[in-house]
Amino acid sequence: MKKLIAGNWKMNGSLAANEALVRAMLHGLKGAAPAADMALCAPAPYLAQLQALLLGSPIAWGAQDVSAHEQGAYTGEVSAAMLRDFACRYAIVGHSERRQYHGETDVLVATKAQRALALGITPIVCVGETLAEREADQTEAVVKRQLAAVIHAVAHCTSEIVVAYEPVWAIGTGKTATPEMAQQVHAVLRAQLAAATQHPERVHILYGGSMNAANAASLLAQPDIDGGLIGGASLKAADFLQIVAAAQ
Ligand code: PGA
């Protein structure tokens, strides 16, 4: 299975900046067979732009969230069907910034994952502990609880999700989990997937949290780290491509 390197632009970008960034990435990829599967997850208004820029390229695109509702009176929400209109392959769900700043619960995140899958969009389900939870030895319990809610909701489709382990204390802080720390949690998640699906090895489990060009190779060398969810470093073409190259 090829590794998956997914960029999460968060609330960054502009028409002009996105075009320059994507063109630089595509230029950098020219000729070489990509070492990993790739995706870029952009703010919703830019999905049409990504579709136009990336169609026919080796880079897929996706959203950073999706509504738990199908359609109707939900001002500000973006439905899975709308994402599908723009050929999104992925939708991040349950990013810690959504859990933290927008009060998203495990059940809501699970419903979002379900909505995405129902429309043929792969949810990238984020799980991860806060610093306080790690210090209280709650890491395993927290990530298992977060993943269990999604497994419960998507049931026989569990092998179709992507999981991203993102320790909250490592996101945007420059503090990365060591490869061993990350692997330990990834192994726990793999075991949990194994109890829910016949093909746990088919589920990409990404690591996210200050992954960059310098630390990617050692993280991606771990047996249960199947790729990365890249925030800051996905805003620089050269850094993103170095991470992709490290996935070989
Ligand atoms: P970071 O973000 O790479 O900037 O730490 C990762 C994420 O939040 O997905």
Side-chain angles (χ1 to χ4, degrees), residues 3-13 17-18 21 25 36-44 46-47 50 59-66 88-104 109 112-113 116 121-131 133-134 139 142-143 146-147 150 161-179 181-182 185-186 189 204-220 222 225-247:
K3 295 198 193 280
L4 170 63
I5 306 297
N8 173 14
W9 286 355
K10 309 195 179 186
M11 201 171 72
N12 294 292
N18 302 346
L21 177 58
M25 286 180 181
D37 291 332
M38 293 166 281
L40 296 174
C41 295
Y46 297 127
L47 292 173
L50 276 194
I59 307 181
W61 58 95
Q64 298 171 7
D65 187 24
V66 62
C88 286
R89 169 98 175 265
Y90 299 99
I92 297 171
V93 298
H95 190 280
S96 63
E97 287 151 17
R98 304 257 1 137
R99 293 180 190 263
Q100 232 178 319
Y101 311 141
H102 302 272
E104 296 199 5
V109 171
K112 290 181 170 197
I121 296 165
T122 302
I124 300 177
V125 177
C126 300
V127 300
E129 82 288 1
T130 62
L131 185 59
E133 288 163 341
R134 174 161 284 268
T139 299
V142 168
V143 299
Q146 292 171 331
L147 182 58
V150 173
I161 69 172
V162 168
V163 178
Y165 169 54
E166 299 205 308
V168 178
W169 49 269
I171 294 177
T173 56
K175 289 183 198 156
T176 332
T178 64
M181 278 160 85
V185 178
H186 281 233
L189 296 170
H204 282 93
I205 308 178
L206 314 181
Y207 171 79
S210 300
M211 197 192 262
N212 58 39
N215 62 29
S218 57
L219 286 159
L220 294 168
Q222 298 298 314
I225 300 187
D226 308 313
L229 184 55
I230 319 297
S234 73
L235 297 171
K236 291 182 195 137
D239 292 31
F240 187 75
L241 294 177
Q242 278 185 58
I243 296 171
V244 171

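Everything numeric in this text was worked out from a predicted model, so none of it was measured. Ligands are counted one by one from 1 in listed order, and the atoms in each one are counted from 1 as well.
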Per-atom contacts, ligand 1 versus [X] - under 4.0 Å to a heavy atom:
X      : value
Gly209 : 5 (O)
Gly232 : 1 (P), 3 (O), 4 (O)
His95  : 7 (C), 8 (O), 9 (O)
Glu166 : 6 (C), 7 (C), 8 (O), 9 (O)
Leu229 : 6 (C), 9 (O)

Quick check: [X] and ligand 1, any N/O pair under 3.5 Å apart?
X      : result
Gly172 : yes
Met211 : no
Ala233 : no
Thr173 : no

Thinking salt bridges, do Asp37 and Lys3 make one under a 4.0 Å N-O criterion?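 The answer is no: the pair does not qualify as a salt bridge.
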Hey, is Glu104 close enough to Arg99 for a salt bridge, meaning N to O under 4.0 Å?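 Looking at Glu104 and Arg99, the cut-off is not met.
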Would you say Gly208 touches ligand 1, if touching means a heavy atom closer than 4.0 Å?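 Flag not set, Gly208 not near ligand 1.
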Assess Ser210 for proximity to ligand 1: is some non-hydrogen atom of it under 4.0 Å away?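 Judged by the 4.0 Å heavy-atom criterion, Ser210 does count as contacting ligand 1.
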For His95 and Glu166, does a side-chain donor sit closer than 3.5 Å to a side-chain acceptor?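 Note: His95 and Glu166 side chains meet the donor-acceptor criterion.
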Proximity of Ile171 to ligand 1 by residue part, where a heavy atom lies under 4.0 Å: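 Ile171 to ligand 1: contacts from backbone and side chain alike.
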side-chain contact (heavy atoms from CB on, under 4.5 Å), paired with His186, selected from Val143, Ile225, Asp226: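 Per the side-chain contact (heavy atoms from CB on, under 4.5 Å) rule, the option paired with His186 is Ile225, out of Val143, Ile225, Asp226.
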What residue and atom, counting heavy atoms only, is the protein's closest point to atom 3 (O) of ligand 1, and at what distance?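 Here the nearest protein heavy atom works out to Gly231 N, 2.9 Å.
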What residue and heavy atom of the protein are closest to atom 2 (O) of ligand 1, and at what distance?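 Its nearest protein heavy-atom neighbour is Lys10 NZ, 3.3 Å.
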Side-chain donor or acceptor of Ser210 paired with backbone N/O of Ile171 under 3.5 Å: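 Side chain of Ser210 to backbone of Ile171, a donor-acceptor pair under 3.5 Å: no, none is there.
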Quick one: do Glu129 and Tyr165 satisfy side chain to side chain donor-acceptor pair (under 3.5 Å)? Show the steps, please. CA-CA 9 Å; Glu129 82 288 1; Tyr165 169 54; 2.9 Å; yes
How many angstroms lie between atom [atom1] of [X] and atom [atom2] of [Y], to the nearest 0.5 angstrom?
X      : Y      : atom1 : atom2 : value
Asn18  : Tyr46  : CG    : OH    : 6.0 Å
Thr178 : Leu219 : OG1   : CG    : 8.0 Å
Asp239 : Met211 : CG    : CE    : 13.0 Å

